[in-house]
Amino acid sequence: MLRFVAIEIGPDQFRAVPDPARRRPGRGAHLHPDPACLALAERRRAFGRALRIAGVLDTGPLAEAVASAAVTEPEHTQ
């Protein structure tokens with residue numbers, strides 16, 4: 001699971017940034033490091049509810065972290 005937090009970058013504007021060390025202040029949320037999970041969370045608008053924020057959320061840095069984690073982790077096969 002990848003922890004991330006919302007950092008305020010302006011009035012009613014936030015940026016979702018990964019927090020792999022789990023040390024950043026503020027309310028955090030967790031996401032599977034899978035691009036499909038990220039897409040589903042964006043489609044469901046789950047980030048605002050999970051982080052309890054109202055406003056625009058930039059998920060760019062989080063998407064980059066998910067993409068790099070997906071590349072480094074091997075696929076699970078059954």
Side-chain angles (χ1 to χ4, degrees):
M1 298 292 282
L2 175 64
R3 182 178 193 268
F4 64 97
V5 295
I7 304 296
E8 190 168 9
I9 57 173
D12 292 332
Q13 294 181 343
F14 300 88
R15 178 171 291 137
V17 293
D19 184 19
R22 300 170 191 230
R23 299 283 187 253
R24 287 187 178 242
R27 184 170 182 86
H30 292 84
L31 179 74
H32 287 110
D34 180 3
C37 290
L38 176 65
L40 180 62
E42 288 177 326
R43 220 173 24 251
R44 289 183 168 180
R45 299 181 184 154
F47 294 122
R49 288 190 309 272
L51 297 169
R52 295 184 183 167
I53 59 170
V56 178
L57 181 68
D58 174 21
T59 58
L62 181 59
E64 290 175 13
V66 167
S68 67
V71 169
T72 60
E73 289 185 12
E75 295 251 347
H76 297 292
T77 56
Q78 295 182 10

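Side chains included, hydrogens not; waters and symmetry mates left out as well; all remaining heavy atoms used. Not measured: the values here are computed from a predicted model.
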* How about R45: does its CZ atom have over 12 heavy atoms from other parts shown lying under 6.0 Å from it? -> no

* Asked: How long is the gap from CG on L62 to CG on L57, to the nearest 0.5 Å?
  -> 8.0 Å

* Structure fact -> Interatomic distance, CZ@R3 vs CG@L31, rounded to 0.5 Å, equals 13.0 Å

* **Results of side-chain contact (heavy atoms from CB on, under 4.5 Å) for R23 - residues two or more places apart only** => A21

* **Heavy-atom side-chain proximity of D34 to V66 below 4.5 angstrom** => no

* Structure fact -> Applied to residues 37-70, the ring-ring contact (aromatic ring centres under 6.0 Å, His included) test, sequence neighbours excluded, yields F4-F47

* Structure fact -> In short, ring-ring contact (aromatic ring centres under 6.0 Å, His included) pairs touching residues 5-44 with sequence neighbours left out are none

* Asked: With R49, which residues qualify under side-chain hydrogen bond (donor to acceptor under 3.5 Å, both in side chains), at least two apart?
  -> none

* Contacts of type side-chain hydrogen bond (donor to acceptor under 3.5 Å, both in side chains), residue E42, not counting sequence neighbours -> T59

* Looking at A50 and A29, what are the two nearest heavy atoms and their distance? -> CB-CB, 4.0 Å

* For the residue pair A65 and L2, what are the closest heavy atoms and their distance? -> CB-CD2, 4.2 Å

* To do: Enumerate the residue pairs fulfilling salt bridge (Lys or Arg N to Asp or Glu O under 4.0 Å) with a member in residues 4-13, sequence neighbours excluded, ordered by first and then second residue.
  => none

Which Ile, Leu, Val, Met, Phe, Trp or Tyr residues join [X] in one cluster when any pair of side-chain heavy atoms under 4.5 Å counts as a link?
X: V56; result: none
X: M1; result: none
X: V5; result: I7, V17

* Structure fact -> Residues passing the salt bridge (charged side-chain N to carboxylate O under 4.0 Å, His left out) test with R24, sequence neighbours excluded, are none

* D58: salt bridge (charged side-chain N to carboxylate O under 4.0 Å, His left out) partners, not counting sequence neighbours -> R15

